[in-house]
Amino acid sequence: METYEGKMDLTRREVMALAGGLVGAQVMPGPAWAGDSRHLLTAAPAEVQLAPGEFPKTRVWSYGGQVPGPVLRHKQGEMFEARLVNGLEQETTVHWHGLRLPNAMDGVPGMTQAAVHPGESFDYRFALRDAGTFWYHPHANSLEQISRGLSGVLVVDEAEPPEVDAEEIAVLDDWRLTEDAQLHTEFGNRHDMSHAGRLGNYITVNGAGELRRSYARGTRLRLRLVNAATARVFRLVFKGMNAWVVALDAMSVERPERVEQLELGPAQRADLIVDITAETGEEAIIGSVERDGTYATVSVSVDGVEQAVRDAPQALPPNDLPELALKDARQVPLVMEGGAMRGLPERVMWQGSKMEARALYEAGQFWAFNGQAGMDDKPLVEASLGETVRVPMENRTAFSHSMHLHGQHFREVLPDGRLGPWRDTLVIHPDETREIAFVAENPGDWMFHCHMAAHQMSGMMNWIRIT
Ligand code: C2O
Ligand code: CU
């Protein structure tokens, strides 16, 4: 690994010297079936040039032969239709992350649909209720399938999008590659599961080591950031630009917030309005420099006819979100335990019986929610339609977790009682307690889990029922 990173560094410097030679965002509609607006998404093995050119292509699994998969794009209110064709040698599904859609379209095998077997297909069809930046990925054998490259972006445009000069989609991903740029095929070893998940050694933006662009000073960009990694929490810094967060996890924020840095956990998205302020001839950069030396960059060489730098942007039009009735809301506390350093409590429920922690580790289960590892017949929360539910989540583990609720968005109840932005995924760091509140507005059985896929498969996966 060490050698590989060393090599990669050198090569990337050379590549960067070539300036602008890298392929950027592949924004294209998914191939349609027979000339209509339905998308055909084939999940199948493919080979892509992830690492710089002198490395061999990487064998991945992808949608439509590209990594990330095709950008699927529609207007708010349109009907979305996609056929998943399973060209893999194992079962799969597609989960449309962050969409408030009918339960049967949520893509959770064994819960909302039957798994799609190799060679078979499944048709997804639902109305696009919300505008925003969403993404799609399998919900079967998630750690392996997402880590191998199965994910893509779904953009739903507002009826009246904000005025910008250009848009960029930047999908951040994290790969664990061997020296010949192939994926390490050990998915879910005990160390990954019980620590911070499957962290990689090579970070990509839109499937390449770097995303390079050229814009004039004063250019206003809309930037859609997506974290498609299964474990890495990106900490991004913005240089040579004024950056405002205008939406998080697809939902607009009330007041655009000027940021100099931004934390983006697995599965989270952020929409920003970015004005290039660096001088002509300089570079504007969005970078993520990680403790382990890996890094991601979007770099903009500033060139062309300057415009005046603008004032703060306006808020995006909001989606139709429910009113939280916090006062009489039921509280359902969630205690997160387990993992290296702290461990599980003495006895934990797993598959219907109480087990000793040691036996659970043997079985590859390292985490528990409320003393329960993984799923049980009984949901974590049973809510009636329209009810507001408050879930204070206490992270007693030594690791960060990216908690995701399907089917509805939630808001954080801040310590002073104010409400945070609407989100579908929240990063909770060690020893934090963070309370979320949501209106149970969408009937069905919905997953509630850590999006660090190695944690998800080793205990941090549960569900709620709304009737
Ligand atoms: Cu992004 Cu349960 O998923
Ligand atoms: Cu986790």
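Atoms within each ligand, like the ligands themselves, are counted from 1 in listed order.
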Novice: By residue and atom, what protein N/O/S atoms are less than 2.8 Å from the Cu ion (ligand 2)?
Specialist: H401 ND1, C450 SG, H455 ND1
Novice: Relative to atom 2 (Cu) of ligand 1, which of the N, O or S atoms in H449 is the closest?
Specialist: NE2
Novice: Do Q145 and T92 have side-chain atoms, one donor and one acceptor, less than 3.5 Å apart?
Specialist: yes
Novice: Answer yes when R358 and E356 have at least one side-chain N-carboxylate O distance shorter than 4.0 Å, and no when they do not.
Specialist: no
Novice: Keeping to distances under 2.8 Å, can you name the protein N/O/S atoms close to atom 1 (Cu) of ligand 1?
Specialist: H97 ND1, H137 NE2, H451 NE2
Novice: Under the salt bridge (Lys or Arg N to Asp or Glu O under 4.0 Å) rule, what do R224 and E167 come out as? Steps first, then yes or no, please.
Specialist: CA-CA 8 Å; R224 298 176 186 269; E167 180 186 291; 3.3 Å; yes
Novice: Cut-off 3.5 Å, side chains only: do Q90 and N141 have a donor facing an acceptor?
Specialist: yes
Novice: Would N319 and Q76 count as having a side-chain donor-acceptor pair, cut-off 3.5 Å?
Specialist: yes
Novice: Should we say atom CD of E47 is surrounded by more than 12 heavy atoms from elsewhere, each under 6.0 Å from it?
Specialist: yes
Novice: Does the gap between the ring centers of H97 and W135 come in under 6.0 Å?
Specialist: yes
Novice: Exactly one of H39, Q113, E81 should register a side chain to side chain donor-acceptor pair (under 3.5 Å) with Y124. Which one does?
Specialist: Q113
Novice: Consider only side-chain N and O atoms of N189 and D192, and report whether a donor and an acceptor are under 3.5 Å apart.
Specialist: yes
Novice: Taking the six-membered ring for Trp, are H449 and H406 ring centroids under 6.0 Å apart?
Specialist: yes
